[in-house]
Amino acid sequence: MPDDKNKISAEDAALFRKSVDDARPLSSDTVNHERRRPRPLPRQRQLDDEQVLVDMMSDNIDIAEVETGDELLFVREGLQHRTVKKLRRGEIAIEAELDLHGQIVNEARQCLANFLRDCQSSGKRCVRIIHGRGHGSFGKKPVLKNKVNMWLQQRDDVLAFCSTRPVDGGTGAVYVLLRKA
């Protein structure tokens with residue numbers, strides 16, 4: 001029994017021949033693409049920049065300086081009062097967030113440096129960093145809170161930071177206002 005599904009009608013065959021009538025065979029079946037060289041990456045410069053960021057953020061801080069319930073506030077000279085007020089009220093849109101919960105100091109420092117570098121290069125203006133309140137650390141002291149406080153103050157690209165509203169983490173997180181790139 002012949003298979004009628006695969007049979008082509010005379011009309012379809014004629015239509016096909018008419019549509020490919022002016023087709024010409026290819027002279028070659030290979031295509032030569034021009035290879036573009038990738039743009040050079042300044043790897044050593046990137047590594048140097050990362051190391052500078054790590055070196056900039058020292059650990060010289062007295063743990064007793066900031067207690068668990070203390071709010072953080074830092075403002076560079078020249079920043080408008082109105083802008084600081086908006087930041088403290090949480091009225092500036094958060095464009096990125098970093099959660100440092102459970103990280104040890106060295107991991108947190110590197111994550112923070114990378115995060116801020118990426119935010120700065122992508123033009124983000126306001127970010128939130130969650131450092132925690134220290135409930136899980138030895139002696140219930142806020143180790144990362146104190147470190148983040150000092151690290152952020154040492155960075156020129158940070159214009160201001162303050163503890164967040166309770167709904168955004170309260171004294172366990174900060175809003176950070178970054179300088180325009």
Fill in: Within residues 168-177 or reaching into it, pairs that qualify as salt bridge (Lys or Arg N to Asp or Glu O under 4.0 Å) - sequence neighbours excluded
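Listed once each, the pairs are Arg128-Asp168, Arg165-Asp168.
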Worksheet entry | Of all pairs that satisfy salt bridge (Lys or Arg N to Asp or Glu O under 4.0 Å), the ones with a partner from residues 72-84, not counting sequence neighbours |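 Qualifying pairs, neighbours excluded: none.
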Hydrophobic cluster membership, with links at side-chain heavy-atom distances under 4.5 Å among I/L/V/M/F/W/Y: are [X] and [Y] in one?
X	Y	result
Leu98	Val127	yes
Tyr175	Leu73	yes
Leu178	Ile94	no

Could you tell me which non-hydrogen atom of [X] sits nearest to which non-hydrogen atom of [Y], and how far apart they are?
X	Y	value
Cys126	Ile92	CB-CG2, 3.5 Å
Arg179	Asp156	NH2-O, 2.9 Å
Leu100	Ile129	CD1-CG2, 3.9 Å
Val105	Trp151	O-CH2, 3.6 Å
Leu79	Leu159	CD2-O, 4.1 Å
Ala96	Cys119	CB-SG, 3.9 Å

Item to complete: Name all residues meeting the salt bridge (charged side-chain N to carboxylate O under 4.0 Å, His left out) criterion together with Glu91; count only those two or more places apart in sequence or in a different chain, and write none if there are none.
Response: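 With sequence neighbours excluded, Glu91 shows a salt bridge (charged side-chain N to carboxylate O under 4.0 Å, His left out) to Arg89, given in chain and number order.
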For the atom pair [atom1] ([X]) and [atom2] ([Y]), what is the distance rounded to the nearest 0.5 Å?
X	Y	atom1	atom2	answer
Arg88	Thr83	CZ	OG1	13.5 Å
Ile130	Leu144	CD1	CG	12.5 Å
Gln103	Lys147	CD	NZ	14.5 Å
Leu112	Glu107	CG	CD	13.5 Å
Leu15	Ile8	CG	CD1	11.5 Å
Arg117	Arg155	CZ	CZ	9.0 Å

Discussion item. Taking atom CZ as the centre, does Arg125 end up with more than 12 heavy-atom neighbours from other residues, nucleotides or ligands that are less than 6.0 angstrom away?
Written reply: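 Counting neighbours around CZ of Arg125, more than 12 heavy atoms of other residues, nucleotides or ligands fall under 6.0 Å, so yes.
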Worksheet entry | side chain to side chain contact (heavy atoms under 4.5 Å, CB included) against Asp21, all qualifying residues, sequence neighbours excluded |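 With neighbours one apart ignored, the set is empty.
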Item to complete: Mind jotting down which residue pairs meet the ring-ring contact (aromatic ring centres under 6.0 Å, His included) criterion with at least one end in residues 75-101? Sequence neighbours excluded, please.
Response: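 Found none.
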Worksheet item: Taking it one step at a time, do Asn106 and Gln110 satisfy side-chain hydrogen bond (donor to acceptor under 3.5 Å, both in side chains)?
Response: CA-CA 6 Å; Asn106 288 337; Gln110 190 63 46; over 6 Å; no
Worksheet entry | Contacts of type ring-ring contact (aromatic ring centres under 6.0 Å, His included), residue Phe74, not counting sequence neighbours |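 By the ring-ring contact (aromatic ring centres under 6.0 Å, His included) rule, Phe74 matches Phe161.
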Discussion item. Could you check whether any side-chain heavy atom of Leu152 comes within less than 4.5 Å of a side-chain heavy atom of Leu116, counting everything from C-beta outward?
Written reply: yes
Fill in: Test item: Thr164 side-chain N/O and Val174 main-chain N/O as donor-acceptor pair under 3.5 Å
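Answer holds: no.
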Discussion item. Treating Lys145 as the side-chain partner and Leu72 as the backbone partner, does any N or O pair qualify as donor plus acceptor under 3.5 Å?
Written reply: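 Flag not set: sc Lys145 to bb Leu72 has no pair under 3.5 Å.
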